[in-house]
Structure formats: structure tokens, C-alpha cells
Amino acid sequence: MKMTGKNTTKPVEKPAFHKVAENLYRLESSNGYYALLKRGGKQFRRSLKTKDRKLADRRLNDLRAKIGCLKISPEAKLNFEQAAKLWLETNRHAASSGTVKRREMYIKGLAPYFKNLPVRNITEQNCDRWVKERGAILASETFVHELDVLNAVFDFALNRGLILSNPARHIKRRKIISKQIVVPSLDQFKQLISAIRQSDGKKDNQEKCQDGANLVEFLAYSGARIGEVVGGGEASEKRPTLWGDVNFERGTIFLPGTKTEAAPRTIPMSERLCEFLTRLKAQKKPQPKDRIVPIKSARKCLQTACKKLALPQFTHHDFRHFFATTCIESGVDIPTVSRWLGHKDGGALAMKRYGHLRQEHSFAMIKRVSFDQPPNSVPLQKPSEVEAGKSPFPADDRRAIAKAKTKYNYPWWVSENPLEIFWGQLHEEVWIVSAEKFLETAKQAMGRQVFKQEFTDRPALADEFSARTPEATLNEIVRFAVRTSGANCQAIVR
């Protein structure tokens with residue numbers, strides 16, 4: 001017997017829209033407003049996400065303005081890969097060759113997820129598919145880099161009038177957990193250099209080992225990037241560091257960096273770097289246009305030495321970290337280290353990256369912490385003493401200050417020029433001005449924060465001041481020194 005029954009499935013009803021104004025429609029089921037516009041043969045239907053008529057009118061006008069900016073040109077039909085390559089070529093002049101290569105790699109990873117879709121037709125759902133499928137297999141850092149390129153391409157298309165909005169703007173960045181930087185200790189560094197310099201006795205290997213050790217030492221003592229030392233290929237804009245970049249008289253070296261605007265820089269040479277280059281120059285007898293290090297890499301030498309000594313596999317860049325960490329542990333402030341490294345952010349990256357320091361330094365520093373009275377604290381002058389006109393210095397100190405002042409023909413300690421106060425106190429053993437005033441004038445003179453513990457090495461402060469200060473200003477200071485007592489002129493000119 002056949003069973004018969006009624007089909008209870010209801011036909012799907014089409015949404016009912018009612019036109020309420022030009023390009024403005026209201027959906028009957030929800031009373032929400034929608035816009036319907038046409039440009040260049042393409043229809044745009046968008047929800048205005050409101051039930052309020054006045055707000056709908058304002059949002060319709062905004063949408064009209066956006067659609068009015070869309071270009072009706074062959075560029076409007078570009079697919080994602082074509083738009084990405086156009087973005088890359090447009091911005092190629094502002095990026096290094098390495099950055100361009102990485103961006104090409106990221107575009108290659110993104111392109112399959114948008115295939116031949118015109119960039120104008122790419123939706124949030126297409127971008128979500130990339131997140132779901134590609135994001136599952138990418139490391140956090142690579143995912144963030146690809147997302148940055150994706151947003152950059154869509155923003156580029158938006159600015160050129162190819163799309164109305166960026167369909168990837170809603171995608172959240174992943175949190176990147178920075179890898180812990182492993183820096184060789186001073187003893188490990190010495191062992192590494194010694195191990196690299198040892199060879200099997202063959203002439204070719206001897207030369208390679210010596211050049212490899214020289215490259216590692218140069219990186220460790222200068223903080224240079226490997227590309228700044230060895231340069232790039234023939235077609236690259238990177239050039240190597242040459243002997244002509246070394247100025248032994250001034251104690252400086254020029255590093256021809258290209259990574260950032262701050263990368264090409266002249267830095268003061270440390271005593272160890274100066275000794276190393278002097279020894280190398282005596283051995284090589286080079287010309288100014290000769291490269292300081294003739295090889296491109298010490299990777300194999302490093303791998304062999306690290307394996308032999310059972311150390312972590314250190315890379316070229318680890319010795320840049322070694323330089324920065326050693327400088328900070330020696331008392332150099334982070335903004336100065338940042339400038340030596342060629343960073344352009346004033347020290348933000350260096351603070352984030354080198355805040356860990358080495359364990360042995362960390363334990364040494366904790367021993368200096370006192371909860372009774374910090375060793376570098378400066379006792380403040382009591383307000384009652386200031387009001388009464390009393391001197392904050394004990395009687396013996398006042399006599400010593402009075403005697404020190406008799407050496408000078410000019411009262412630099414009350415000068416309105418901070419350079420005169422800084423230079424005068426720097427070369428005076430007796431504290432004529434307060435520590436607070438000296439720190440303030442030192443900051444203005446040096447162009448950086450100066451710490452009290454740096455006073456223990458006054459010649460170093462004087463040398464750094466001479467290196468930082470324009471020659472015309474130095475000449476003014478020379479005349480000031482002659483006017484006061486005639487002393488210390490040689491130290492300034494040196």
C-alpha cells in the first residue's frame with residue numbers, strides 16, 4: 001500500500017525590501033536599512049547596520065563618497081597577486097634587498113588563498129579562510145609578517161581606489177614570544193677565538209681560520225651587523241667596511257649600514273677594537289680601499305669550534321648581542337649603546353632585547369642593592385637651610401671649595417652656559433657645584449643621560465664629549481679653558 005502525505009516544507013521566502021529613498025531600502029523583516037548603489041557596471045549592496053532613518057541617511061552619504069572614489073580603470077580588475085606585486089614595486093625604493101626578498105616570499109605564501117579573485121571581490125570570509133588554513137601551519141612570527149603584508153597590500157589598494165575597505169583589518173595579530181638570546185660569556189668568547197684560530201696545518205685552512213677568527217672578533221668588538229662588515233653581492237647596495245673607514249687619529253670607525261636611516265654611522269672605537277685593528281693592519285699592510293675582513297662568512301669555523309668546545313651553536317649575530325651586553329654591563333647607558341648599534345628608536349629595542357643581561361652580571365648587581373641607603377644616593381638640601389641662607393656643605397668642604405675657586409680667573413660654577421659648568425667641574429677634583437647640578441649640565445652637554453658612577457672615569461667622559469661635540473663648539477671651550485686657568489686645553493683638542 002502506498003503511503004501518501006502532504007509536503008510540509010515551506011518555500012523559502014525572499015527577503016522583502018521597500019524603497020524609501022534614492023539608493024536606500026528598508027528590510028521588512030527587521031526594519032534595518034540597506035544601501036544599493038551602482039558604479040562602473042558593478043552593483044554594491046551594503047547593510048547600513050541601523051534602524052534609525054537619520055543615521056541611515058548619514059551612512060548612505062559616507063558610502064556614496066567611498067564608492068565615488070573607486071577607480072574605473074584596468075587596475076580595478078587586478079587580482080591579489082598582481083596588486084601585491086604592484087605594491088612591492090611601488091615601495092621597492094624604500095626597502096633593502098633583504099626586505100624585498102622576504103616580502104616576495106610572504107606574497108608567494110598568501111597568493112594561493114586568493115587565487116585569481118579580483119582584489120575588489122575579496123571578502124572577510126576569504127581572509128578568514130587564510131587564517132584557518134595557513135595560520136594553522138605557520139609559526140607566530142611568520143604569521144604576523146604575512147598578516148602585515150596582507151594588510152599593506154589591501155591598504156595600498158584602498159588608497160588607489162581599488163577597494164572600499166580592507167577585508168583583513170579585523171584579523172588579530174598573534175602574540176610573538178621572543179626567543180631567549182644566548183650570549184657567550186667572556187671566557188667562552190676567548191675559547192672560541194682560540195679554537196677558530198687553530199687549523200689542521202694546511203695553508204688554505206690556516207688562512208681561512210685566521211680570517212674567520214678576525215671576522216668574529218671584529219663583530220664582537222664593533223657590534224656591527226654581518227652585512228655591514230662583509231657587504232652584499234655585486235648587485236647589492238651594501239658595501240663592506242674598508243680600511244679607509246677607520247680613523248686611528250680620532251679613534252673612530254665608520255660602519256656603512258643600510259638597514260635603517262640610523263644604520264650608516266660613525267662610532268668610537270673601544271680600546272680592544274683599536275688594538276685588534278692596529279695588530280691586523282700591521283699584519284696585512286692594507287690599502288684604504290681594501291676590505292678589513294676578506295671573507296663573507298665564518299659560519300663553518302664557528303660551527304666547528306662550538307661543536308669542539310661543546311658550546312651552543314653561536315651565529316654571526318650573536319656577537320652583536322655580545323657587544324651590546326658587554327657595553328651595558330660595563331655601565332654604558334642603553335640610548336648610547338642603541339646609537340652604536342645603529343638603531344633608530346632611541347633605545348626601545350635595545351631595552352627590550354638586552355634587559356636580561358648575563359646571569360653572572362645579574363648576581364653581581366643584586367649585591368649592590370641596599371635597603372638602608374643606596375650607595376649612589378645624593379643627600380638633598382633641607383628646605384629650612386635654603387630659606388635661612390645656610391650652606392648645605394660642612395665647614396671643611398666650604399674651605400676646600402673656597403681654595404679651589406682661587407685657581408680660576410672666571411667663575412664658571414655660576415655660568416649660564418651648561419657646557420662651561422660641565423667642563424669646569426669635569427676637570428676639578430673638588431666638588432664646587434652640587435652633584436644634581438653637574439648631572440643636569442652633563443646631560444645637556446653630552447646629549448644623553450649621565451649617571452653618577454660615570455664620574456669615576458672622567459677622562460672617558462671628556463673623550464666622549466670631544467667626539468660628540470662639533471669642532472666650532474670645542475674651539476669655544478678651548479677659549480673658555482684659557483680664560484679660566486689655561487689648563488686642560490690639550491685634553492680638549494686631543
Working note: Arg339 + Thr336, criterion side-chain contact (heavy atoms from CB on, under 4.5 Å); need CA distance, chi angles, decisive distance, verdict. CA-CA 5 Å; Arg339 286 193 293 272; Thr336 298; 3.3 Å; yes
Can you list every pair that meets salt bridge (charged side-chain N to carboxylate O under 4.0 Å, His left out) and has a residue in residues 78-92, with sequence neighbours left out? Glu81-Lys85, Glu89-Arg92, Arg92-Glu104
Any side-chain heavy-atom pair from Phe276 and Asn214 closer than 4.5 angstrom? yes
For Lys172 and Leu147, work out which heavy atoms get closest and say how close. O-CD2, 4.0 Å
Mind listing the closest non-hydrogen atom pair of Ala213 and Ile193 along with its distance? O-CD1, 4.0 Å
Given the side-chain rings of Phe422 and Phe438, with only the six-membered ring counted for Trp, is the space between their centroids under 6.0 Å? yes
Can you confirm whether His321 sits close enough to His317 that some side-chain heavy atom of one is under 4.5 Å from a side-chain heavy atom of the other? yes
For Ile196 against Gly212, the heavy-atom pair lying closest together: CG2-C, 4.0 Å
Would you indicate whether the side-chain heavy atoms of Trp130 and Ile171 approach each other to under 4.5 Å? yes
To the nearest 0.5 angstrom, please state how far the CD1 atom of Ile107 sits from the CG atom of Leu88. 5.0 Å
How long is the straight-line distance from CG of Leu215 back to NE2 of His316, given to the nearest 0.5 Å? 5.0 Å
Mind checking whether Leu302 and Thr315 have side chains closer than 4.5 Å, heavy atoms only? no
Closest non-hydrogen contact found for Pro288 with Leu242 is O-CB, 3.6 Å
Tell me whether the rings of Phe319 and Phe189 are parallel (<30°), tilted (30 to 60°) or perpendicular (>60°). tilted
When rounded to the nearest 0.5 angstrom, what is the spacing between CG in Leu78 and CD1 in Ile163? 11.5 Å
Are Trp87 and Phe154 near enough that their ring centres are under 6.0 Å apart? no
Polar contact flag, side-chain donor to acceptor under 3.5 angstrom, Gln198-Lys308: yes
Determine whether more than 12 heavy atoms belonging to other residues, nucleotides or ligands lie under 6.0 Å from atom CZ of Arg129. yes
Heavy-atom side-chain proximity of Arg197 to Gln210 below 4.5 angstrom: yes
Please determine whether salt bridge (Lys or Arg N to Asp or Glu O under 4.0 Å) holds for the pair Lys284 and Asp290, giving the CA-CA distance in whole Å, both sets of side-chain angles, and the decisive distance to 0.1 Å. CA-CA 10 Å; Lys284 303 282 186 179; Asp290 290 343; over 6 Å; no
His427 vs Trp423 aromatic rings, parallel, tilted or perpendicular, using cut-offs 30° and 60°? tilted
Where does the angle between the aromatic ring planes of Phe80 and Phe114 fall among parallel (under 30°), tilted (30 to 60°) and perpendicular (over 60°)? tilted
Spacing of CZ belonging to Arg102 relative to CE belonging to Met105, to within rounding of 0.5 Å: 8.0 Å
Is any side-chain heavy atom of Tyr221 closer than 4.5 Å to one of Met269? no
So, Arg265 side chain and Trp340 main chain: donor-acceptor pair closer than 3.5 Å or not? yes
From CZ (Arg120) to NZ (Lys77), nearest 0.5 Å: 10.5 Å
Is there any salt bridge (charged side-chain N to carboxylate O under 4.0 Å, His left out) pair reaching into residues 146-163, and which pairs are they, with sequence neighbours excluded? Glu75-Arg160, Arg134-Glu146, Asp148-Arg173, Asp155-Arg169
Between Lys437 and Ile421, which heavy-atom pair has the shortest distance, and what is it? CE-CD1, 3.7 Å
In terms of heavy-atom contacts, Cys306 and Leu192 come closest through SG-CD2, 3.8 Å
Step by step, work out the side-chain contact (heavy atoms from CB on, under 4.5 Å) result for Trp413 and Ile401. CA-CA 11 Å; Trp413 49 90; Ile401 292 171; over 6 Å; no
Is the count of non-hydrogen atoms from other residues, nucleotides or ligands lying under 6.0 Å from Arg250 atom CZ greater than 12? no
Would Gln425 and Glu428 satisfy side-chain contact (heavy atoms from CB on, under 4.5 Å), going step by step from the backbone distance to the final call? CA-CA 5 Å; Gln425 186 60 73; Glu428 174 54 61; 3.9 Å; yes
Here the gap from Asn166 atom CG to Cys127 atom SG, rounded to the nearest 0.5 Å, amounts to 7.5 Å
Measure the shortest side-chain to side-chain distance between Ile226 and Leu219 over non-hydrogen atoms and say whether it is less than 4.5 angstrom. yes
Test side-chain contact (heavy atoms from CB on, under 4.5 Å) on Trp412 and Val433; report intermediate values, then the result. CA-CA 10 Å; Trp412 50 262; Val433 300; 4.3 Å; yes
For the aromatic rings, using the six-membered ring if either is Trp, is the centroid distance between Phe322 and Phe314 under 6.0 Å? no
Would a 4.5 Å heavy-atom cut-off, applied to side chains only, mark Leu277 and Ile253 as touching? yes
